[in-house]
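Worth knowing before you read on, the calculation uses all heavy atoms, side chains too, and leaves out hydrogens, waters and symmetry mates.
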Amino acid sequence: MTETSQFMRPEQHPFLGDENPFKAMMSRFDYAAELLHLDAGLYKVLRSPEKQIIVSVPILLDSGEVEVYTGYRVLYNTSRGPGKGGIRFDLGVTLDEVRALAAWMTWKCAVVNIPFGGAKGGVVCDPLTMSVGELERLTRRYTSSIIEVLGPDSDVPAPDVNTNERVMAWIMDTYSMHHRHTVTSVVTGKPVELGGSLGRREATGRGCMIVTQQALQHLGMPLKGARVVVQGFGNVGSIAAELLQQEGCVIVGASDVSGGLYSKKGLDVKDVIAWRKEHKYVSGYPKADAVTNEELLTLDCDVLLPAALENVITARNAASIKAKVIIEGANGPTAAGADEILDKKGIFVVPDILANAGGVTVSYFEWVQDRGGWFWTEAVVNERLTEIMVNSFQNVLAVSKKYNVNMRIAAYTLAIDRVASVHRLRGLYA
Ligand code: NAD
(Lines give C-alpha, C1' and ligand atoms only; values in the text may rest on other atoms or scores of the structure.)
Protein backbone atom coordinates (compact mmCIF):
# COMPACT_ATOMS: atom_id res chain seq x y z
CA MET A 1 0.00 0.00 0.00
CA THR A 2 2.93 2.27 -0.01
CA GLU A 3 5.54 4.09 -1.87
CA THR A 4 8.03 1.49 -0.72
CA SER A 5 5.93 -1.64 -1.08
CA GLN A 6 7.27 -4.38 -3.21
CA PHE A 7 4.87 -5.55 -5.86
CA MET A 8 2.69 -8.27 -4.38
CA ARG A 9 2.06 -11.44 -6.30
CA PRO A 10 -1.61 -12.09 -7.12
CA GLU A 11 -1.61 -15.09 -4.80
CA GLN A 12 -0.58 -12.73 -1.98
CA HIS A 13 -3.59 -10.58 -2.69
CA PRO A 14 -5.00 -9.30 0.55
CA PHE A 15 -8.61 -10.20 -0.26
CA LEU A 16 -8.30 -13.94 -0.18
CA GLY A 17 -9.58 -14.29 3.38
CA ASP A 18 -12.61 -16.32 4.36
CA GLU A 19 -14.93 -13.37 4.72
CA ASN A 20 -15.75 -10.41 2.54
CA PRO A 21 -14.19 -7.58 4.57
CA PHE A 22 -16.50 -5.04 3.05
CA LYS A 23 -19.66 -6.82 4.05
CA ALA A 24 -18.07 -6.87 7.47
CA MET A 25 -17.47 -3.14 7.25
CA MET A 26 -21.05 -2.44 6.27
CA SER A 27 -22.39 -4.56 9.14
CA ARG A 28 -20.33 -2.34 11.47
CA PHE A 29 -21.69 0.72 9.65
CA ASP A 30 -25.24 -0.49 10.33
CA TYR A 31 -24.49 -1.00 14.02
CA ALA A 32 -23.15 2.55 14.33
CA ALA A 33 -26.02 4.02 12.27
CA GLU A 34 -28.48 2.41 14.66
CA LEU A 35 -26.68 3.81 17.70
CA LEU A 36 -26.87 7.26 16.15
CA HIS A 37 -30.55 6.85 15.20
CA LEU A 38 -29.53 7.95 11.73
CA ASP A 39 -32.64 9.00 9.85
CA ALA A 40 -33.72 6.83 6.94
CA GLY A 41 -32.82 9.40 4.28
CA LEU A 42 -29.25 9.94 5.48
CA TYR A 43 -28.83 6.20 5.96
CA LYS A 44 -29.61 5.73 2.28
CA VAL A 45 -27.31 8.59 1.24
CA LEU A 46 -24.35 7.32 3.27
CA ARG A 47 -24.69 3.79 1.94
CA SER A 48 -24.57 5.01 -1.66
CA PRO A 49 -21.42 5.96 -3.57
CA GLU A 50 -21.56 9.42 -5.15
CA LYS A 51 -19.80 8.60 -8.39
CA GLN A 52 -18.45 5.42 -9.98
CA ILE A 53 -16.38 5.55 -13.12
CA ILE A 54 -15.45 2.57 -15.30
CA VAL A 55 -12.95 3.18 -18.09
CA SER A 56 -11.32 1.11 -20.80
CA VAL A 57 -7.60 1.75 -20.88
CA PRO A 58 -5.99 0.73 -24.17
CA ILE A 59 -2.21 0.71 -24.28
CA LEU A 60 0.49 -0.38 -26.67
CA LEU A 61 2.46 -3.31 -25.25
CA ASP A 62 6.19 -3.66 -25.84
CA SER A 63 5.37 -6.52 -28.21
CA GLY A 64 3.57 -4.09 -30.52
CA GLU A 65 0.13 -5.49 -29.64
CA VAL A 66 -2.66 -3.40 -28.14
CA GLU A 67 -4.18 -4.51 -24.83
CA VAL A 68 -7.24 -3.00 -23.18
CA TYR A 69 -7.40 -2.88 -19.39
CA THR A 70 -10.37 -1.96 -17.19
CA GLY A 71 -9.97 0.85 -14.67
CA TYR A 72 -12.21 2.20 -11.93
CA ARG A 73 -12.40 5.28 -9.78
CA VAL A 74 -15.08 5.63 -7.14
CA LEU A 75 -15.81 8.78 -5.16
CA TYR A 76 -17.79 7.41 -2.27
CA ASN A 77 -18.55 10.59 -0.35
CA THR A 78 -17.05 14.07 -0.79
CA SER A 79 -19.25 16.04 1.57
CA ARG A 80 -16.29 16.84 3.87
CA GLY A 81 -13.79 17.65 1.10
CA PRO A 82 -12.02 16.20 -1.95
CA GLY A 83 -12.01 12.45 -2.43
CA LYS A 84 -8.91 10.83 -0.96
CA GLY A 85 -7.79 7.30 -1.59
CA GLY A 86 -5.26 5.11 -3.31
CA ILE A 87 -5.02 3.55 -6.73
CA ARG A 88 -4.17 -0.15 -6.93
CA PHE A 89 -2.94 -2.19 -9.85
CA ASP A 90 -3.97 -5.78 -9.33
CA LEU A 91 -5.68 -8.70 -11.02
CA GLY A 92 -8.14 -8.92 -8.12
CA VAL A 93 -9.54 -5.39 -8.57
CA THR A 94 -13.33 -5.27 -8.95
CA LEU A 95 -15.81 -2.43 -8.84
CA ASP A 96 -17.31 -3.87 -5.64
CA GLU A 97 -13.93 -3.87 -3.96
CA VAL A 98 -13.03 -0.35 -5.10
CA ARG A 99 -16.42 0.96 -3.94
CA ALA A 100 -16.04 -0.58 -0.53
CA LEU A 101 -12.47 0.68 -0.13
CA ALA A 102 -13.70 4.16 -1.05
CA ALA A 103 -16.32 3.93 1.71
CA TRP A 104 -13.60 2.84 4.12
CA MET A 105 -11.54 5.92 3.23
CA THR A 106 -14.57 8.11 3.93
CA TRP A 107 -14.80 6.84 7.52
CA LYS A 108 -11.03 6.89 8.05
CA CYS A 109 -10.66 10.55 7.03
CA ALA A 110 -13.62 11.43 9.23
CA VAL A 111 -12.20 9.60 12.29
CA VAL A 112 -9.04 11.72 12.18
CA ASN A 113 -11.12 14.75 11.19
CA ILE A 114 -9.15 15.77 8.11
CA PRO A 115 -11.07 17.66 5.41
CA PHE A 116 -11.29 14.87 2.86
CA GLY A 117 -13.94 12.52 1.63
CA GLY A 118 -13.32 8.94 0.55
CA ALA A 119 -12.31 7.63 -2.87
CA LYS A 120 -10.43 4.70 -4.37
CA GLY A 121 -9.32 3.54 -7.78
CA GLY A 122 -7.86 0.54 -9.48
CA VAL A 123 -6.86 -1.05 -12.75
CA VAL A 124 -7.30 -4.77 -13.37
CA CYS A 125 -3.81 -5.83 -14.41
CA ASP A 126 -0.85 -7.90 -13.29
CA PRO A 127 1.94 -5.35 -12.83
CA LEU A 128 4.43 -8.14 -12.18
CA THR A 129 4.24 -9.19 -15.81
CA MET A 130 4.47 -5.65 -17.21
CA SER A 131 7.53 -3.63 -18.15
CA VAL A 132 8.18 -0.18 -16.67
CA GLY A 133 7.26 1.36 -20.03
CA GLU A 134 3.94 -0.52 -20.13
CA LEU A 135 3.17 0.52 -16.55
CA GLU A 136 3.90 4.13 -17.37
CA ARG A 137 1.65 4.07 -20.45
CA LEU A 138 -1.10 2.36 -18.43
CA THR A 139 -0.83 4.94 -15.65
CA ARG A 140 -0.89 7.91 -18.00
CA ARG A 141 -3.81 6.63 -20.10
CA TYR A 142 -5.82 5.71 -16.98
CA THR A 143 -5.10 9.17 -15.52
CA SER A 144 -6.25 10.94 -18.67
CA SER A 145 -9.41 8.77 -18.76
CA ILE A 146 -10.47 9.87 -15.28
CA ILE A 147 -9.00 13.38 -15.47
CA GLU A 148 -12.34 15.14 -15.16
CA VAL A 149 -12.72 13.94 -11.55
CA LEU A 150 -9.10 14.39 -10.49
CA GLY A 151 -7.87 17.63 -8.96
CA PRO A 152 -6.62 19.10 -5.69
CA ASP A 153 -10.16 20.30 -4.94
CA SER A 154 -12.02 17.24 -6.15
CA ASP A 155 -10.10 13.97 -5.95
CA VAL A 156 -6.57 13.31 -4.75
CA PRO A 157 -5.17 9.77 -5.33
CA ALA A 158 -2.33 8.09 -3.46
CA PRO A 159 -0.35 4.83 -3.69
CA ASP A 160 -2.01 1.53 -2.84
CA VAL A 161 -1.34 -2.13 -3.63
CA ASN A 162 1.31 -2.33 -6.36
CA THR A 163 1.56 1.41 -6.98
CA ASN A 164 4.28 3.62 -5.57
CA GLU A 165 6.01 7.02 -5.65
CA ARG A 166 6.97 6.59 -9.27
CA VAL A 167 3.37 5.89 -10.34
CA MET A 168 2.27 8.99 -8.40
CA ALA A 169 4.89 11.07 -10.23
CA TRP A 170 3.48 9.86 -13.60
CA ILE A 171 -0.08 10.73 -12.53
CA MET A 172 1.03 14.17 -11.38
CA ASP A 173 2.93 14.78 -14.62
CA THR A 174 0.03 13.65 -16.83
CA TYR A 175 -2.45 15.83 -14.94
CA SER A 176 -0.04 18.79 -15.07
CA MET A 177 0.50 18.38 -18.83
CA HIS A 178 -3.26 18.51 -19.42
CA HIS A 179 -3.56 21.62 -17.26
CA ARG A 180 -0.50 23.31 -18.78
CA HIS A 181 1.12 23.95 -15.42
CA THR A 182 2.58 21.88 -12.60
CA VAL A 183 0.00 20.77 -10.03
CA THR A 184 1.80 18.82 -7.32
CA SER A 185 -1.20 18.66 -4.96
CA VAL A 186 -3.22 16.39 -7.28
CA VAL A 187 -1.67 13.27 -5.71
CA THR A 188 0.07 12.40 -2.45
CA GLY A 189 2.75 9.84 -1.74
CA LYS A 190 5.03 11.52 -4.29
CA PRO A 191 8.82 11.58 -4.16
CA VAL A 192 9.98 14.31 -1.75
CA GLU A 193 11.74 16.13 -4.64
CA LEU A 194 8.35 16.51 -6.33
CA GLY A 195 6.42 17.87 -3.37
CA GLY A 196 6.16 14.74 -1.23
CA SER A 197 6.17 15.19 2.53
CA LEU A 198 8.96 14.30 4.88
CA GLY A 199 7.73 11.67 7.32
CA ARG A 200 5.12 10.19 4.93
CA ARG A 201 6.95 6.89 4.55
CA GLU A 202 7.04 6.35 8.33
CA ALA A 203 3.64 7.92 9.05
CA THR A 204 1.45 4.81 9.27
CA GLY A 205 3.92 2.93 11.49
CA ARG A 206 4.39 6.04 13.62
CA GLY A 207 0.62 6.38 13.99
CA CYS A 208 0.47 2.74 15.15
CA MET A 209 3.15 3.47 17.72
CA ILE A 210 1.26 6.52 19.00
CA VAL A 211 -2.06 4.69 19.41
CA THR A 212 -0.23 1.82 21.14
CA GLN A 213 1.13 4.33 23.67
CA GLN A 214 -2.37 5.72 24.15
CA ALA A 215 -4.01 2.31 24.50
CA LEU A 216 -1.51 1.05 27.08
CA GLN A 217 -1.76 4.27 29.03
CA HIS A 218 -5.55 3.97 29.04
CA LEU A 219 -5.33 0.37 30.27
CA GLY A 220 -2.73 1.22 32.93
CA MET A 221 -0.15 -1.02 31.27
CA PRO A 222 3.48 0.18 31.09
CA LEU A 223 4.85 0.79 27.59
CA LYS A 224 8.37 0.05 28.71
CA GLY A 225 8.80 -3.69 28.65
CA ALA A 226 5.49 -4.35 26.84
CA ARG A 227 5.88 -7.49 24.72
CA VAL A 228 4.85 -6.86 21.12
CA VAL A 229 4.25 -9.22 18.19
CA VAL A 230 4.12 -7.76 14.68
CA GLN A 231 2.67 -9.62 11.70
CA GLY A 232 3.95 -8.20 8.41
CA PHE A 233 7.38 -6.63 8.17
CA GLY A 234 6.82 -4.17 5.34
CA ASN A 235 6.36 -0.44 5.50
CA VAL A 236 3.86 -0.40 8.37
CA GLY A 237 5.04 -3.38 10.44
CA SER A 238 8.79 -2.84 10.36
CA ILE A 239 8.55 0.89 11.09
CA ALA A 240 6.02 0.39 13.90
CA ALA A 241 8.29 -2.31 15.38
CA GLU A 242 11.34 -0.06 15.23
CA LEU A 243 9.55 2.91 16.81
CA LEU A 244 7.96 0.76 19.53
CA GLN A 245 11.35 -0.70 20.36
CA GLN A 246 12.74 2.82 20.65
CA GLU A 247 9.97 3.48 23.20
CA GLY A 248 11.12 0.54 25.32
CA CYS A 249 8.83 -2.24 24.05
CA VAL A 250 10.23 -5.72 23.57
CA ILE A 251 9.46 -7.05 20.09
CA VAL A 252 9.13 -10.76 20.82
CA GLY A 253 7.73 -11.77 17.43
CA ALA A 254 7.74 -10.60 13.82
CA SER A 255 6.85 -12.14 10.49
CA ASP A 256 6.43 -11.62 6.79
CA VAL A 257 5.07 -13.75 3.98
CA SER A 258 8.02 -16.13 4.39
CA GLY A 259 7.24 -17.01 8.03
CA GLY A 260 7.75 -15.75 11.56
CA LEU A 261 10.42 -15.19 14.20
CA TYR A 262 10.15 -15.51 17.97
CA SER A 263 12.59 -14.38 20.62
CA LYS A 264 11.58 -14.35 24.28
CA LYS A 265 14.23 -11.78 25.14
CA GLY A 266 13.31 -9.61 22.15
CA LEU A 267 14.44 -9.12 18.56
CA ASP A 268 16.88 -6.43 17.55
CA VAL A 269 14.56 -4.80 15.00
CA LYS A 270 17.29 -2.90 13.14
CA ASP A 271 19.22 -6.15 12.77
CA VAL A 272 16.12 -7.97 11.43
CA ILE A 273 15.54 -5.12 8.96
CA ALA A 274 19.16 -5.41 7.81
CA TRP A 275 18.72 -9.19 7.43
CA ARG A 276 15.53 -8.71 5.38
CA LYS A 277 17.29 -6.18 3.19
CA GLU A 278 20.02 -8.64 2.41
CA HIS A 279 17.93 -11.84 2.20
CA LYS A 280 14.61 -10.33 0.98
CA TYR A 281 12.61 -12.03 3.76
CA VAL A 282 12.85 -12.31 7.55
CA SER A 283 12.91 -16.10 7.64
CA GLY A 284 16.28 -17.67 8.23
CA TYR A 285 17.24 -14.89 10.66
CA PRO A 286 19.61 -16.75 12.94
CA LYS A 287 19.10 -15.02 16.30
CA ALA A 288 15.46 -16.14 16.81
CA ASP A 289 13.26 -19.25 16.70
CA ALA A 290 11.17 -19.90 13.62
CA VAL A 291 7.36 -19.90 13.98
CA THR A 292 4.57 -20.01 11.42
CA ASN A 293 2.35 -17.01 10.78
CA GLU A 294 -0.54 -18.86 12.45
CA GLU A 295 1.55 -19.56 15.57
CA LEU A 296 2.75 -15.98 15.62
CA LEU A 297 -0.77 -14.65 16.10
CA THR A 298 -1.30 -16.70 19.23
CA LEU A 299 2.06 -16.04 20.89
CA ASP A 300 2.07 -14.92 24.51
CA CYS A 301 2.39 -11.12 24.35
CA ASP A 302 0.83 -7.84 25.47
CA VAL A 303 0.30 -6.22 22.07
CA LEU A 304 -0.43 -7.87 18.73
CA LEU A 305 0.04 -5.67 15.69
CA PRO A 306 -1.30 -7.27 12.50
CA ALA A 307 0.26 -5.26 9.66
CA ALA A 308 0.01 -7.54 6.64
CA LEU A 309 -3.28 -8.83 5.34
CA GLU A 310 -7.01 -8.81 5.79
CA ASN A 311 -8.96 -11.44 7.72
CA VAL A 312 -6.10 -12.95 9.67
CA ILE A 313 -7.95 -12.85 12.99
CA THR A 314 -11.07 -14.90 12.50
CA ALA A 315 -13.71 -16.78 14.50
CA ARG A 316 -11.38 -19.80 14.21
CA ASN A 317 -8.30 -18.37 15.95
CA ALA A 318 -9.66 -15.44 18.01
CA ALA A 319 -10.18 -17.55 21.11
CA SER A 320 -6.48 -18.55 21.10
CA ILE A 321 -5.14 -14.99 20.97
CA LYS A 322 -3.24 -14.14 24.14
CA ALA A 323 -2.52 -10.47 23.49
CA LYS A 324 -4.31 -7.96 25.69
CA VAL A 325 -4.28 -5.27 23.01
CA ILE A 326 -4.61 -5.49 19.21
CA ILE A 327 -3.46 -2.56 17.08
CA GLU A 328 -4.80 -2.97 13.54
CA GLY A 329 -1.99 -1.69 11.33
CA ALA A 330 -3.43 -3.52 8.30
CA ASN A 331 -6.80 -2.73 6.80
CA GLY A 332 -9.43 -5.23 7.89
CA PRO A 333 -7.21 -7.76 9.71
CA THR A 334 -10.11 -8.81 11.94
CA ALA A 335 -13.09 -10.63 10.43
CA ALA A 336 -16.45 -9.49 11.81
CA GLY A 337 -17.03 -12.96 13.27
CA ALA A 338 -14.04 -12.47 15.57
CA ASP A 339 -15.17 -9.16 17.11
CA GLU A 340 -17.47 -10.72 19.70
CA ILE A 341 -14.91 -13.34 20.73
CA LEU A 342 -12.25 -10.66 21.25
CA ASP A 343 -14.73 -8.53 23.20
CA LYS A 344 -15.63 -11.45 25.46
CA LYS A 345 -11.96 -12.08 26.14
CA GLY A 346 -11.59 -8.43 27.12
CA ILE A 347 -9.04 -7.72 24.37
CA PHE A 348 -8.78 -4.01 23.63
CA VAL A 349 -8.80 -3.53 19.84
CA VAL A 350 -7.72 -0.26 18.22
CA PRO A 351 -9.48 -0.55 14.84
CA ASP A 352 -7.85 -0.02 11.47
CA ILE A 353 -9.70 3.19 10.62
CA LEU A 354 -8.03 4.75 13.65
CA ALA A 355 -4.81 2.74 14.10
CA ASN A 356 -3.49 3.06 10.53
CA ALA A 357 -4.82 6.56 9.81
CA GLY A 358 -1.35 8.10 10.28
CA GLY A 359 -0.65 7.54 6.59
CA VAL A 360 -3.64 9.45 5.27
CA THR A 361 -3.03 12.14 7.88
CA VAL A 362 0.45 12.85 6.53
CA SER A 363 -0.97 12.63 2.99
CA TYR A 364 -3.21 15.48 4.09
CA PHE A 365 -0.11 17.33 5.34
CA GLU A 366 1.50 16.74 1.94
CA TRP A 367 -1.52 18.25 0.18
CA VAL A 368 -1.47 21.24 2.56
CA GLN A 369 2.29 21.79 2.00
CA ASP A 370 1.95 21.52 -1.80
CA ARG A 371 -0.92 23.99 -1.86
CA GLY A 372 0.90 26.45 0.33
CA GLY A 373 4.27 25.87 -1.34
CA TRP A 374 5.79 25.85 2.12
CA PHE A 375 7.42 22.66 3.33
CA TRP A 376 7.64 21.51 6.92
CA THR A 377 10.51 19.86 8.72
CA GLU A 378 10.11 16.23 9.67
CA ALA A 379 9.89 17.29 13.32
CA VAL A 380 6.90 19.52 12.56
CA VAL A 381 5.21 16.75 10.54
CA ASN A 382 5.68 14.28 13.40
CA GLU A 383 4.50 16.74 16.03
CA ARG A 384 1.29 17.49 14.10
CA LEU A 385 0.75 13.80 13.38
CA THR A 386 1.10 13.02 17.07
CA GLU A 387 -1.43 15.69 17.99
CA ILE A 388 -4.00 14.34 15.52
CA MET A 389 -3.49 10.67 16.47
CA VAL A 390 -3.68 11.39 20.22
CA ASN A 391 -6.82 13.52 19.84
CA SER A 392 -8.43 10.96 17.56
CA PHE A 393 -7.72 8.13 19.98
CA GLN A 394 -9.18 10.14 22.86
CA ASN A 395 -12.25 11.13 20.82
CA VAL A 396 -12.95 7.51 19.87
CA LEU A 397 -12.42 6.44 23.48
CA ALA A 398 -14.93 9.06 24.65
CA VAL A 399 -17.53 7.76 22.16
CA SER A 400 -16.87 4.19 23.28
CA LYS A 401 -17.57 5.21 26.88
CA LYS A 402 -20.63 7.25 25.94
CA TYR A 403 -22.32 4.39 24.07
CA ASN A 404 -20.68 1.56 25.98
CA VAL A 405 -19.35 -0.01 22.78
CA ASN A 406 -15.95 -1.29 21.69
CA MET A 407 -13.41 0.98 19.99
CA ARG A 408 -14.32 -0.26 16.51
CA ILE A 409 -17.99 0.59 16.75
CA ALA A 410 -17.02 3.85 18.47
CA ALA A 411 -14.74 4.79 15.56
CA TYR A 412 -17.51 4.09 13.02
CA THR A 413 -19.99 6.00 15.16
CA LEU A 414 -17.71 9.03 15.39
CA ALA A 415 -17.00 8.95 11.65
CA ILE A 416 -20.59 8.48 10.52
CA ASP A 417 -21.77 11.19 12.90
CA ARG A 418 -19.23 13.63 11.43
CA VAL A 419 -20.16 12.84 7.82
CA ALA A 420 -23.88 12.93 8.64
CA SER A 421 -23.63 16.29 10.40
CA VAL A 422 -21.95 17.84 7.34
CA HIS A 423 -24.81 16.55 5.19
CA ARG A 424 -27.36 18.07 7.54
CA LEU A 425 -25.56 21.44 7.51
CA ARG A 426 -25.21 21.48 3.74
CA GLY A 427 -28.81 20.36 3.16
CA LEU A 428 -30.09 18.38 0.22
CA TYR A 429 -29.65 20.04 -3.17
CA ALA A 430 -32.65 18.90 -5.14
P1 NAD B 1 4.05 -3.82 2.45
O2 NAD B 1 3.84 -4.44 1.12
O3 NAD B 1 5.15 -2.83 2.64
O4 NAD B 1 4.26 -4.96 3.54
C5 NAD B 1 3.39 -6.05 3.68
C6 NAD B 1 4.07 -7.07 4.56
O7 NAD B 1 3.16 -8.13 4.81
C8 NAD B 1 5.32 -7.70 3.93
O9 NAD B 1 6.31 -7.87 4.92
C10 NAD B 1 4.81 -9.06 3.46
O11 NAD B 1 5.84 -10.04 3.37
C12 NAD B 1 3.84 -9.36 4.56
N13 NAD B 1 2.90 -10.42 4.19
C14 NAD B 1 2.29 -10.63 3.01
N15 NAD B 1 1.56 -11.74 3.06
C16 NAD B 1 1.69 -12.23 4.31
C17 NAD B 1 1.18 -13.36 4.98
N18 NAD B 1 0.39 -14.24 4.36
N19 NAD B 1 1.51 -13.54 6.28
C20 NAD B 1 2.34 -12.68 6.91
N21 NAD B 1 2.85 -11.59 6.32
C22 NAD B 1 2.53 -11.38 5.04
O23 NAD B 1 2.62 -3.21 2.83
P24 NAD B 1 2.31 -2.08 3.91
O25 NAD B 1 2.29 -0.77 3.24
O26 NAD B 1 3.16 -2.27 5.11
O27 NAD B 1 0.80 -2.43 4.26
C28 NAD B 1 0.46 -3.44 5.19
C29 NAD B 1 -1.00 -3.29 5.57
O30 NAD B 1 -1.21 -1.98 6.10
C31 NAD B 1 -1.99 -3.43 4.40
O32 NAD B 1 -3.20 -3.97 4.91
C33 NAD B 1 -2.25 -1.99 4.02
O34 NAD B 1 -3.49 -1.83 3.37
C35 NAD B 1 -2.25 -1.35 5.39
N36 NAD B 1 -2.02 0.11 5.38
C37 NAD B 1 -0.86 0.62 4.92
C38 NAD B 1 -0.67 2.01 4.94
C39 NAD B 1 0.62 2.62 4.49
O40 NAD B 1 0.74 3.85 4.54
N41 NAD B 1 1.59 1.84 4.09
C42 NAD B 1 -1.68 2.86 5.39
C43 NAD B 1 -2.87 2.29 5.86
C44 NAD B 1 -3.02 0.91 5.85
Set out, in order, the CA-CA distance, both residues' side-chain angles and the distance that settles side chain to side chain donor-acceptor pair (under 3.5 Å) for S79 and N77, then state yes or no. CA-CA 6 Å; S79 57; N77 187 296; 2.6 Å; yes

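- Using modelled atom types and a 3.5 Å distance limit, the side chains of T188 and K84 yield a donor-acceptor pair.
- Atom CD of Q214 sits about 5.0 Å away from atom CD of Q394, to the nearest 0.5 Å.
- Evaluated for a side chain to side chain contact (heavy atoms under 4.5 Å, CB included) with E328, the options V349, I313, N356, V350 yield exactly one hit, V349.
- Between the side chains of R408 and Y412, no donor-acceptor pair is found at a separation under 3.5 Å.
- With sequence neighbours excluded, no residue satisfies ring pair (Phe, Tyr, Trp, His ring centres under 6.0 Å) with Y262.
- Nearest heavy-atom pair across D352 and P333 is OD2-CD, 4.1 Å.
- Side-chain atoms of T292 come within 3.5 Å of backbone N or O of E295 as a donor-acceptor pair.
- Crowding of E378 atom CD: a count of heavy atoms from other residues, nucleotides or ligands under 6.0 Å exceeding 12.
- If you check the side chains of S258 and D256, you find a donor sitting under 3.5 Å from an acceptor.
- Remark: side-chain polar atoms of R418 are paired, donor with acceptor, to backbone N or O of V111 under 3.5 angstrom.
- At distances below 3.5 Å, at least one donor-acceptor pair connects side-chain atoms of T163 with backbone N or O atoms of I87.
- Counting heavy atoms from C-beta outward, D289 and L261 have side chains that stay 4.5 Å or more apart.
- Side-chain contact between V123 and V93: absent, with no pair of heavy atoms (C-beta onward) separated by less than 4.5 Å.
- For the pair L198 and V362, the tightest heavy-atom approach, listed with the atom from each and the gap, is O-CG1, 4.2 Å.
- Residues F116 and W367 bring their aromatic ring centres within 6.0 Å.
- For the ring pair (Phe, Tyr, Trp, His ring centres under 6.0 Å) test, residues two or more places apart in sequence or in another chain that qualify with F365 are W376.
- Without hydrogens or angle criteria, Y76 side chain to L46 main chain gives a donor-acceptor distance under 3.5 Å.
- Residues T143 and T174 bring no donor and acceptor atom of their side chains to less than 3.5 Å of each other.
- The CG atom of L305 sits 11.5 Å away from the CE atom of M209 when rounded to the nearest 0.5 Å.
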Yes or no on side chain to side chain contact (heavy atoms under 4.5 Å, CB included) for D30 and S27, after CA distance, side-chain angles and deciding distance? CA-CA 5 Å; D30 283 349; S27 74; 5.6 Å; no

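- Nearest heavy atoms, L216 versus P222: CD1-O, 3.9 Å.
- Side-chain atoms of S363 and R200 form a donor-acceptor pair, as typed in the model, at a separation below 3.5 Å.
- Here the straight-line distance linking atom CG of D155 with atom CD of E148 works out to 10.5 Å at 0.5 Å rounding.
- Formation of a donor-acceptor pair under 3.5 Å by the N391 side chain with backbone atoms of I388 is not found in this model.
- Side chain to side chain, S320 and T298 fail the donor-acceptor criterion of an N or O pair below 3.5 Å.
- At a threshold of 4.0 Å, the pair E136-R166 does not count as salt-bridged, since none of the basic side-chain nitrogens sits closer than that to a carboxylate oxygen.
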Please assess C109 against R80 for the test side chain to side chain contact (heavy atoms under 4.5 Å, CB included), listing each intermediate value before the final yes or no. CA-CA 9 Å; C109 291; R80 289 170 44 86; 5.5 Å; no

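- The distance from the CD atom of Q245 to the CG atom of D268 is 6.0 Å, given to the nearest 0.5 Å.
- Using the six-membered ring where Trp is involved, F393 and F348 have ring planes that are tilted, between 30° and 60° apart.
- Other residues, nucleotides and ligands contribute at most 12 non-hydrogen atoms within 6.0 Å of the NZ atom of K51.
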Walk me through whether V149 and I53 qualify under side chain to side chain contact (heavy atoms under 4.5 Å, CB included). CA-CA 9 Å; V149 295; I53 302 171; 3.4 Å; yes

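- Looking at K322 and D300, no side-chain N of the basic residue comes within less than 4.0 Å of a carboxylate O on the acidic one, giving no salt bridge.
- Taking both residues in full, the closest heavy atoms of V396 and A411 are given as CG1-N, 3.7 Å, listed atom of the first, atom of the second, then distance.
- Inter-residue side-chain proximity for I327 and L304 is flagged as unmet; no heavy-atom pair is nearer than 4.5 Å.
- Within the 4.5 Å cutoff, the side chain of D90 has no heavy atoms near those of the V124 side chain.
- Under 4.0 Å is where a charged nitrogen must lie from a carboxylate oxygen, and between R371 and D153 at least one such pair does.
- Looking only at side-chain heavy atoms (C-beta outward), R88 and E97 come within less than 4.5 Å of each other.
- In this structure the side chain of L296 reaches within 4.5 angstrom of the side chain of V229, judged on heavy atoms.
- Without hydrogens or angle criteria, R73 side chain to I146 main chain gives no donor-acceptor distance under 3.5 Å.
- Partner of E366 under the salt bridge (Lys or Arg N to Asp or Glu O under 4.0 Å) criterion, out of R384, K190, R201: K190 alone.
- Judged purely by atom type and a 3.5 angstrom limit, E242 has no side-chain atom pairing as donor or acceptor with the backbone of I273.
- For the 3.5 Å distance criterion, the side chains of N406 and D339 fail to qualify, holding no donor opposite an acceptor.
- For E50 (side chain) and T78 (main-chain N/O), a donor-acceptor pair under 3.5 Å exists by modelled atom type.
- Separating the OG1 atom in T184 from the CG atom in D173 is a distance of 12.5 Å, to the nearest 0.5 Å.
- Centroid-to-centroid, the aromatic rings of W107 and F29 come within less than 6.0 Å.
- For Y285 and H279, the ring centers are positioned 6.0 Å apart or more.
- Q231 and S255 form no side-chain donor-acceptor contact under 3.5 Å, judged by distance and modelled atom types alone.
- N164 contributes a side-chain N or O that, together with a main-chain N or O of V167, makes up a donor-acceptor pair within less than 3.5 Å.
- Summarising the geometry, atom CG belonging to D160 is positioned 8.0 Å from atom CG belonging to N331; distances are rounded to the nearest 0.5 Å.
- Under a 3.5 Å cut-off, the side chain of K345 and the backbone N or O of A319 do form a donor-acceptor pair.
- A perpendicular orientation is assigned to the rings of H181 and H179, their planes being inclined by more than 60° (bins at 30° and 60°).
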